[in-house]
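Some notes on the structure that comes next.
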Amino acid sequence: MAVSSVQILGTGQLLQLSRQLRAASGAPIQRNMARRIRRAGEPLKNDLQSTIRNLPLRADSRGAGKRGGPSPTSRPFRAALAAAVRISVRSSSSPGARVFVDKNLLPPDIPVSVLYRLNDGRLRHPVFGNRRRWTNQRTTPMWWDRVVRDHTPRMTAEVARVLDDVRNQLR
């Protein structure tokens, strides 16, 4: 599973239901279905954002005589990552919901691959942009996967409930 994207798709059922909605021209029903599917993904998005904001990043210890100091940027790193987590719901060609990291919302100096490396438990980066000095920061490995795994059963059940309700409305 890709770290930057989470998808829960009941593609067969969702695609069939989407076609029925278009045939019945049920725009209000379609909007209601999309809203409820988005609502099913909100707790996952909120939990991912909370986990990112509270992710412990521990730096490797500095050697003797090494200098340290405050960060030259005032932008909080974890808050910038958390703000980029989004939900997208589609009910047309390939219906489903996605919880993903929008790379356009990340600051230009933070690539989306940072999340892959954080999920692996280790982030290696230059010290304040100095490419001759590098440091490691460590965190809890597989944190993204754990959060997604914890929410998957609830989301799957909620999407199935939404599909059943919409199917009953179409009858």
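Evaluation of the side-chain hydrogen bond (donor to acceptor under 3.5 Å, both in side chains) rule for Asp120 yields no partner, not counting sequence neighbours. Applying the salt bridge (charged side-chain N to carboxylate O under 4.0 Å, His left out) test to Asp47 and every residue at least two apart in sequence or in another chain returns nothing. Judged as a side-chain contact (heavy atoms from CB on, under 4.5 Å), and not counting sequence neighbours, the contacts of Ser50 are Asn54. Arg53 is linked by a salt bridge (charged side-chain N to carboxylate O under 4.0 Å, His left out) to nothing, counting only residues two or more places apart in sequence or in another chain. Residues forming a side-chain contact (heavy atoms from CB on, under 4.5 Å) with Ala83 (at least two apart in sequence, or on another chain): none. Remark: Pro141 pairs with no residue by the side-chain contact (heavy atoms from CB on, under 4.5 Å) rule, at least two apart or across chains. Under the rule for a salt bridge (charged side-chain N to carboxylate O under 4.0 Å, His left out), the partners of Arg138 that lie at least two apart in sequence or sit in another chain are Asp60. Every residue was checked against the side-chain hydrogen bond (donor to acceptor under 3.5 Å, both in side chains) condition with Asn130, not counting sequence neighbours, and none meets it. By the side-chain contact (heavy atoms from CB on, under 4.5 Å) test, Pro56 is found to be paired with Arg58, Thr139, Thr140, residues two or more places apart in sequence or in another chain being considered. Every residue two or more places apart in sequence or in another chain was checked for a side-chain hydrogen bond (donor to acceptor under 3.5 Å, both in side chains) with Asn46, and none qualifies. With sequence neighbours excluded, no residue forms a side-chain hydrogen bond (donor to acceptor under 3.5 Å, both in side chains) with Arg146.
Between Val89 and Arg35 there is no side-chain heavy-atom pair separated by less than 4.5 Å. Residues Pro126 and Arg133 form no side-chain contact, since every pair of their non-hydrogen atoms from C-beta on lies 4.5 Å or further apart. Looking at heavy atoms from C-beta onward, Leu44 lies in side-chain contact with Leu48 at the 4.5 angstrom threshold. Looking at heavy atoms from C-beta onward, His151 lies in side-chain contact with Arg154 at the 4.5 angstrom threshold. Residues Val101 and Leu81 have side chains not in contact (no heavy-atom distance under 4.5 Å, counting atoms from C-beta outward). Residues Trp134 and Val127 have side chains not in contact (no heavy-atom distance under 4.5 Å, counting atoms from C-beta outward). Met142 is listed as a side-chain neighbour of Asn119, based on a closest heavy-atom distance under 4.5 Å. By the 4.5 Å heavy-atom criterion applied to side chains, Trp144 and Leu118 are not counted as neighbours.
In this structure, CZ in Arg39 is found 14.0 Å from CE in Met155, a value given to the nearest 0.5 Å.
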